[in-house]
Amino acid sequence: MPLTLTNTLTRRQQPFIPNTPGQVTMYCCGVTVYDDCHLGHARSYLGWDVLRRYLRWRGYAVRYVQNFTDIDDKILNRARAEGTTMAMVSERYIQRYFEDMRRLNVLDADDYPWVTEHIGAIHELIGQLETKGYAYAAGGDVYYRVGQFADYGQLSGRSQSTLQAGASGRDLAATAKADPADFALWKGAKPDEPAWESPWGPGRPGWHIECSAMIRARLGATIDIHGGGGDLVFPHHENEIAQSQAASDKPLANYWLHNGMVTVNGEKMSKSLGNFTTIRDLLDGGWAEYPQPVDPMAVRLFVLQGHYRKPLDFTQAAIAASINGWQTLKAGLLFGDRHGAKLGWPAVAIQSSPQEPSQANPWVERFQTAMDDDLNTPGALAVLFELAKGLQREGNCLVHAGQTQASPDVLWPQWQTLVHLAQALGLEVTPEVDGDARAMGLDDGAMAADRSLTIAELIQQRQVARQQRDFATADDIRDRLAAMGIVVVDQPDGKVRWHRQQINDSEPNYCP
RNA sequence: GGCGACAUAGCCAAGUGGUAAGGCAGAGGUCUGCAAAACCUCCACCCCCGGUUCGAAUCCGGGUGUCGCCUCCA
């Protein structure tokens, strides 16, 4: 069974066949760097990250390019407001983009072209369009003649006759366009604006031309996959196609993929509506509806529990559910680290990257079937949850009863498969999280010894209280121990077992 | 007005003609002084109306509703 993807261009789900066998070229529209990224951006780039990881997992060599739009009115406005330059503003937010995305475990692209690096390539492309009759200069600007491109509207399903000019009240009189549907390739400089020299006079590129130029410069005339938010289908991607294909007479991209919007209370999350939550606010506890730091992996899980093409509703309840769900997956992923030694697994094997599971592995088969179906991550996650649930249960058995139900030989491939498949989705336990877990325990040797004495004494006292049936005191001591991160388990045989919460090397301890 | 999506339990969500995965939350029970863990049990007339079929959440037609785009937008 091949991987199939829903292609906006054909409006169908079709088998994915790259231009060059085994290799994939992929371009996704990046951010305009004038502010911090919000959850809508996270959803989009998380989605492309998973696509890219899955293509790799499927054995493809992927070349992934994502641009930064660093020339734009909004950047300019911000620069003016701050009394600085466009370059200063965009460089700051490019930096912050990387910080946010890396926390979400989004892999870096292979290449990040900037518009300011491609002014020459843009001139060249506009020049070709002009020569071929698709572009005309007017009033210092250069426009694309939409009527000249017969296939205009192929992506968005619009025909030129149905395009309603000025549908939203644009001021059409203020432009030198020959036709309202035409769009700017080059915008003549206004006073006090940054401008670049060009054959048509000083100015700056129109919005759409950058992607056409950068794709051609970095990946060639035809790429395999072009991705972006669903809100970019029209006019941005439609115009990219018009520009690129008019110039090259070749398809710009064979597969057009679009992700659904993030909504809040059923309404699109966007800058203009002001209903956005930034990634760093959410991760750092700055979201009013859930004012605690949210594990980045819980956010990733939240995003992957929906299908990438469908709208994703951002609510407090949904985030809370994902936080809980991540606890389960994490328990499964950490199973080997927490319990492997007790099960006799060699430390070297635990620490090395997971082995590729065998072909006949039914979990892998189900995972692949789901992912091959237009990246059905919710279905794929069901497989991970089944594995993680089982391992979590076994881990609890081990901690509370001293032994697992299944044999370690059976658990080993389950754990390896879980880690392997989770990695393909970018769900990984980060060292940072490990650090948190350790900090909750009692790590320092001297302190631990000292406190262990106290713990032993407390448990001793509690046992005495229990024997005297003074349960109020017994429960009080349980609470005190819990506050120290100590979980006390009374066993059926009368023994008391205790362990530290969330610590990797917690050997069970006994008190008589 | 035009174009395009989507509609499955309290919430998220799978399902692609053979009798409703999974997650989160919830209820009851066994065990326990309490707790923990484990185990067992319960929780969907698949938006509506027609049609095709032995059989439809799944296919077709018609409604209804929600969302996105047509203006910067992931």
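Predicted, not measured: the structure shown is a model, and the values here were computed from it. The sequence lines fix the lettering, A, B, ..., with proteins before strands; numbering per chain opens at 1.
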field: Atom-to-atom span, NZ of A:K271 to C1' of B:C72 - whole angstrom
entry: 12 Å

- prompt: Whole-Å distance between B:G23 C1' and A:I323 CD1?
  reply: 14 Å

- line: In terms of heavy-atom contacts, A:I279 and A:L39 come closest through CG1-N, 4.3 Å

task: Could you check which nucleotide pairs with B:C43 in any of the strands shown, counting Watson-Crick or G-U wobble with both distances under 3.5 Å?
output: none

query: Just checking A:G230: base, sugar-phosphate only, or nothing, at a heavy-atom cut-off of under 4.0 Å?
result: nothing

field: Whole-Å distance separating the CG atom of A:D35 from the P atom of B:A74
entry: 11 Å

- request: Give a yes/no on whether any side-chain N or O of A:T328 is located under 4.0 angstrom from OP1 or OP2 of B:C24.
  value: yes

field: A:L232, nearest nucleotide to its side chain (from B:A37, B:G33, B:A74)
entry: B:A74

field: Distance between P atoms of B:G26 and B:A35 (Å, rounded)
entry: 16 Å

message: Measuring only the P atom in each nucleotide, how far is B:U32 from B:A44? A whole number of Å is fine.
response: 32 Å

task: In whole angstrom, give the distance that lies between atom CG of A:L155 and atom P of B:C70.
output: 14 Å

- prompt: Where the side chain of A:D475 is defined as all heavy atoms beyond and including C-beta, which of B:A74, B:C34, B:A25 is the nearest nucleotide?
  reply: B:C34

query: Partner of B:A20 by Watson-Crick or G-U wobble geometry, both contacts under 3.5 Å, or none?
result: none

query: Parallel under 30°, tilted from 30 to 60°, perpendicular over 60°: which one fits the rings of A:W256 and A:H258?
result: parallel

task: Take atom CD of A:Q154 and atom C1' of B:C3, then tell me their distance rounded to the nearest Å.
output: 15 Å

task: For A:D231, report the nucleic acid contact type (base, sugar-phosphate, nothing); a contact means any heavy atom under 4.0 Å.
output: base

A:V489 side-chain proximity, nearest of B:A35, B:G33, B:A74: B:A35

statement: Sorted by position of nearest nucleotide on RNA chain B, 5' first, the leading residue of A:Q405 and A:N259 is A:Q405

task: Identify whether any heavy atom of A:R462 sits under 4.0 Å from a base atom; if not, whether one sits that close to sugar-phosphate; answer base, sugar-phosphate or nothing.
output: base

query: With a 4.0 Å cut-off, would you call A:R103 and A:D295 a salt bridge?
result: no

field: Nucleotide nearest A:D490 (side chain, heavy atoms from C-beta), chosen from B:C69, B:C34, B:A74
entry: B:C34

Distance, rounded to the nearest Å, where A:F367 contributes CZ and B:G22 contributes C1': 15 Å

- prompt: Does a salt bridge link A:K187 with A:D141, judged by any charged N lying under 4.0 Å from a carboxylate O?
  reply: no

- prompt: Touch check for A:H236, heavy atoms < 4.0 angstrom, all strands: base, sugar-phosphate only, or nothing?
  reply: nothing

task: Taking atom CD of A:Q292 as the centre, report whether more than 12 heavy atoms of other residues, nucleotides or ligands fall under 6.0 Å from it.
output: yes

query: Under 4.0 angstrom, heavy atoms only, what part of the nucleic acid is A:R43 near: base, sugar-phosphate, or nothing?
result: nothing

field: Nearest-nucleotide pick for A:E386, side chain only, options being B:C34, B:A74, B:G22
entry: B:G22

- request: Would you please classify the geometry between the A:H208 ring and the A:H236 ring as parallel, tilted or perpendicular, with 30° and 60° separating the classes?
  value: tilted

message: Roughly how many Å apart are B:U71 and B:C3, using the C1' atom of each and rounding to a whole number?
response: 16 Å

task: Could you tell me whether the phosphate oxygens of B:A36, OP1 or OP2, come under 4.0 Å of any side-chain nitrogen or oxygen in A:N396?
output: no

task: Pick the P atom in B:C6 and in B:G10, then give their distance to the nearest Å.
output: 23 Å

message: For a quick check, tell me whether the side chain of A:R158 and the base of B:C69 share a donor-acceptor pair closer than 3.5 Å.
response: yes

- request: Could you run through nucleotides 8-15 of chain B and give me one letter per nucleotide, 5' to 3': B if any protein heavy atom sits under 4.0 Å from the base, S if only the sugar-phosphate is that close, - if neither?
  value: -----SSS

Nucleotide of B:A5, B:A38, B:A74 approaching A:R11 most closely (side-chain heavy atoms): B:A5

query: Does any nucleotide pair with B:U30 by Watson-Crick or G-U wobble geometry, both distances under 3.5 Å, and what is it?
result: B:A38

message: Could you tell me how far B:U52 sits from B:C60 if I compare only their P atoms? Round to whole Å.
response: 15 Å

- request: Report the base-pairing partner of B:A7 (Watson-Crick or G-U wobble, both distances below 3.5 angstrom), or none.
  value: B:U64

message: Pairing check on B:C59: which nucleotide meets the Watson-Crick or G-U wobble criteria with it, both distances under 3.5 Å?
response: B:G51

message: Suppose you measure atom P in B:G62 against the same atom in B:C40; what distance do you get, rounded to whole Å?
response: 48 Å

task: Please state whether the phosphate of B:C69, meaning OP1 or OP2, lies under 4.0 angstrom from any side-chain nitrogen or oxygen of A:K268.
output: yes

field: P spacing across the pair B:A37 / B:C43, given as an integer number of angstrom
entry: 24 Å

- prompt: Under 4.0 Å between a Lys/Arg side-chain N and an Asp/Glu carboxylate O for A:D179 and A:R145?
  reply: no

field: Atom-pair distance (CD on A:E267; C1' on B:C69), nearest Å
entry: 15 Å

message: Applying a 4.0 Å non-hydrogen cut-off, can you work out what A:G227 is touching in the nucleic acid: base, sugar-phosphate, or nothing?
response: nothing

For B:C69, the Watson-Crick or wobble counterpart (both distances under 3.5 Å): B:G2

- prompt: Under 6.0 Å between ring centres, would you say that holds for A:F314 and A:W287?
  reply: yes

field: With A:L418, the side-chain contact (heavy atoms from CB on, under 4.5 Å) member among A:L427, A:V383, A:L384
entry: A:L384

query: Hey, what's the ring geometry for A:F68 with A:W114, parallel, tilted or perpendicular (30° and 60° as the breaks)?
result: perpendicular

- request: Report which part of the nucleic acid A:R466 touches: base, sugar-phosphate, or nothing (heavy-atom distance under 4.0 Å, all strands).
  value: base

query: With a 4.5 Å limit on heavy-atom distance, are the side chains of A:V31 and A:Q66 in contact?
result: no

message: Categorize A:V262 for me: base, sugar-phosphate, or nothing, with a 4.0 angstrom heavy-atom threshold over every strand shown.
response: base

query: Rounded to whole angstrom units, what separation is found between the NE2 atom of A:H41 and the P atom of B:A74?
result: 4 Å

task: Using a heavy-atom cut-off of under 4.0 Å over every strand shown, decide if A:S156 touches base, sugar-phosphate, or nothing.
output: sugar-phosphate

query: Between A:F471 and B:G33, do the rings stack, that is, sit under 5.5 Å apart with planes less than 30° off each other?
result: yes

task: Using the C1' atom on both, measure B:G15 against B:C31 and round to a whole Å.
output: 38 Å

- prompt: With respect to the phosphate group of B:A36, does any side-chain polar atom (N or O) of A:R497 fall under 4.0 Å of OP1 or OP2?
  reply: no

message: Using heavy-atom distances to pick each residue's nearest nucleotide on RNA chain B, tell me which of A:G266 and A:Q13 is more 5'.
response: A:Q13

message: Ring-plane angle category for A:F98 and A:Y112, please: parallel below 30°, perpendicular beyond 60°, tilted otherwise.
response: perpendicular

